[in-house]
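Input: a single structure, listed below in structure tokens.
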Amino acid sequence: MKDSGRKKETFPESLKAPEDSEMTEIKAIRDKLSDMHNDIKKVMEYSNRLRFETAMECSRQEYSNAILSHLYEDINSGLERNMVKKCPEKENCRSSFTALLQKNAGLVKQGKVDDPLLSGNREKLEELRSGAPYSKCEQCFSEVSSLFTKQVNLMRSMRIYAGNQEQKPDISALETGALIRDVLEPVSNPQRLEILRAVAFETKSFSAFSEITGLRGGNLLFHLQKLMDSGLILQQHERGDYMITEKGFKILQSLNELYSSLQYSPLQISAEKTPGEKEEIQI
């Protein structure tokens, strides 16, 4: 009988060594290839990101240039159409207006527009207005104000200007009389609020307001005059269309934000649940 307890035949360690060394080298090569692959992947991702950012920047510049070109055309056509035709200062005024409006329009090429930039241009416009020599100058300044406001509204739509929302005035300094007179009372009427909403992003004519509100003649004129006296809207020129002012837009925007925030306030949600809770208690 064969000895079942005999030890299994073993091979010398020297015979196994070449195989282990070979596997170690293969593993090292794989690890190196993996590292190289990761490095190449990172380089490609970085390169693709750079190309994407470059393409986006080019697109943004092209878009801004197109918008700027449109604004320049709007300035030229608006001033040509609506400035006083026969005036000894027309060319001088037109040159000043064009320079101011083009400077303001140029802000669309920036990534963000803040209030100081726009305020400086507004102040310059008011300086020009204060030095106007003739009563008929108001027609020209009305057109310039209209073009300026259109530019600001465009900046809002491009989301590069949102107004100065960081300043939070002290509530204790609030003048209730001025608040009621200049803000609350003008928009407390449903027809006036509809008028303000209608001109939020485009001009409207007298007849358009008549269709929107159902008011006619003197009744409609009364509400329009109320909004103009409060500085919420303005008329581009005599018998011209009406448009919203910076003040009017801010008030309308604030009302919209206030109403939206109240829809999701804890107090509102609690009030909506109260009837159901009472019914549950009664059951």
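One is the number of the first residue; the rest follow in order along the sequence. Please read all numbers here as calculations on a predicted model, not as lab measurements.
Two rings, from Phe97 and Phe141, have their centers less than 6.0 Å apart.
Within the 3.5 Å criterion, the main-chain N or O of Pro186 finds a donor-acceptor partner in the side chain of Arg192. A side-chain donor-acceptor contact under 3.5 Å links Ser77 to the backbone of Glu73. Side-chain atoms of Ser230 come within 3.5 Å of backbone atoms of Lys226 as a donor-acceptor pair (strictly under, hydrogens ignored). Proximity of a side-chain donor or acceptor of Gln139 to a complementary backbone N or O of Asn82 within less than 3.5 Å is detected. A donor-acceptor distance shorter than 3.5 angstrom exists from the side chain of Ser188 to the backbone of Glu185, with no hydrogens or angles considered. Here the side chain of Thr245 pairs a donor or acceptor atom with the backbone of Leu232 at under 3.5 angstrom. At least one donor-acceptor pair under 3.5 Å links the side chain of Ser130 to the backbone N or O of Glu127. Listed for the Gln235 side chain is a donor-acceptor partner under 3.5 Å among the backbone atoms of Gly240. Without hydrogens or angle criteria, Ser34 side chain to Arg30 main chain gives no donor-acceptor distance under 3.5 Å.
For the atom pair Leu68 CG and Leu107 CG, the distance stands at 10.0 Å (nearest 0.5 Å). The distance from atom CG of Leu221 to atom CZ of Arg216, rounded to the nearest 0.5 Å, is 14.0 Å.
Residues passing the salt bridge (charged side-chain N to carboxylate O under 4.0 Å, His left out) test with Arg197 are Glu194, sequence neighbours excluded. Asp31 pairs by the salt bridge (charged side-chain N to carboxylate O under 4.0 Å, His left out) definition with Lys27, not counting sequence neighbours.
Contact between Lys136 and Val84 at its shortest, heavy atoms only, is O-CG2, 3.5 Å. What you find for Val108 and Ile160 is that their closest heavy atoms are CA-CD1, 3.7 Å. Nearest heavy-atom pair, Val187 versus Leu196, reported as atom, atom and distance to 0.1 Å: CG1-CD2, 3.9 Å. The minimum heavy-atom distance between Gln151 and Ala105, with the atom names listed, is OE1-N, 3.4 Å. Smallest separation of non-hydrogen atoms from Thr149 and Ile244: CG2-O, 3.4 Å. When every heavy atom of Phe209 is checked against every heavy atom of Ala198, the shortest pair comes out as CE2-CB, 4.2 Å.
Atom NZ of Lys85 sits in a crowded spot, with more than 12 heavy atoms from other residues, nucleotides or ligands closer than 6.0 Å. Heavy-atom contacts from other residues, nucleotides or ligands closer than 6.0 Å to NZ of Lys103 number 12 or fewer.
Hydrophobic clustering (ILVMFWY, side-chain heavy atoms < 4.5 Å, transitive): Ile180 and Val183 are in one cluster. Leu234 and Leu154 are members of different hydrophobic clusters when ILVMFWY side chains are connected at heavy-atom separations under 4.5 Å. The cluster map of Ile, Leu, Val, Met, Phe, Trp and Tyr, joined by side-chain heavy atoms under 4.5 Å apart, puts Leu179 and Phe249 in the same cluster.
Paired with Ser145 under the rule side-chain hydrogen bond (donor to acceptor under 3.5 Å, both in side chains), one option of Arg129, Arg122, Lys150 passes, and it is Arg129. Evaluated for a side-chain contact (heavy atoms from CB on, under 4.5 Å) with Phe148, the options Ile75, Asn153, Asn104 yield exactly one hit, Asn104.
Looking only at atom types and distance, the side chain of Asn65 has a donor-acceptor partner in the side chain of Lys109 under 3.5 Å away. Using modelled atom types and a 3.5 Å distance limit, the side chains of Glu89 and Asn92 yield a donor-acceptor pair. Side-chain contact, Asp115 with Tyr161: a donor N or O sits under 3.5 Å from an acceptor N or O. Looking at Asn76 and Glu80, their side chains never bring a donor and an acceptor atom within 3.5 Å of each other.
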Evaluation steps, side-chain contact (heavy atoms from CB on, under 4.5 Å), between Ser205 and Tyr242: CA-CA 6 Å; Ser205 64; Tyr242 296 83; over 6 Å; no

Verify side-chain contact (heavy atoms from CB on, under 4.5 Å) between Leu71 and Leu147, making sure each step is shown before the conclusion. CA-CA 9 Å; Leu71 289 176; Leu147 292 169; over 6 Å; no

What's the verdict on side-chain contact (heavy atoms from CB on, under 4.5 Å) for Thr98 and Tyr72, showing C-alpha distance, side-chain angles and the deciding distance? CA-CA 9 Å; Thr98 300; Tyr72 282 176; over 6 Å; no

Would you check, one step at a time, whether the test side-chain contact (heavy atoms from CB on, under 4.5 Å) holds for Leu79 with Val144? CA-CA 7 Å; Leu79 294 179; Val144 177; 4.0 Å; yes

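A salt bridge is absent between Glu126 and Lys124: the closest approach of a Lys/Arg side-chain nitrogen to an acidic carboxylate oxygen does not fall below 4.0 angstrom.
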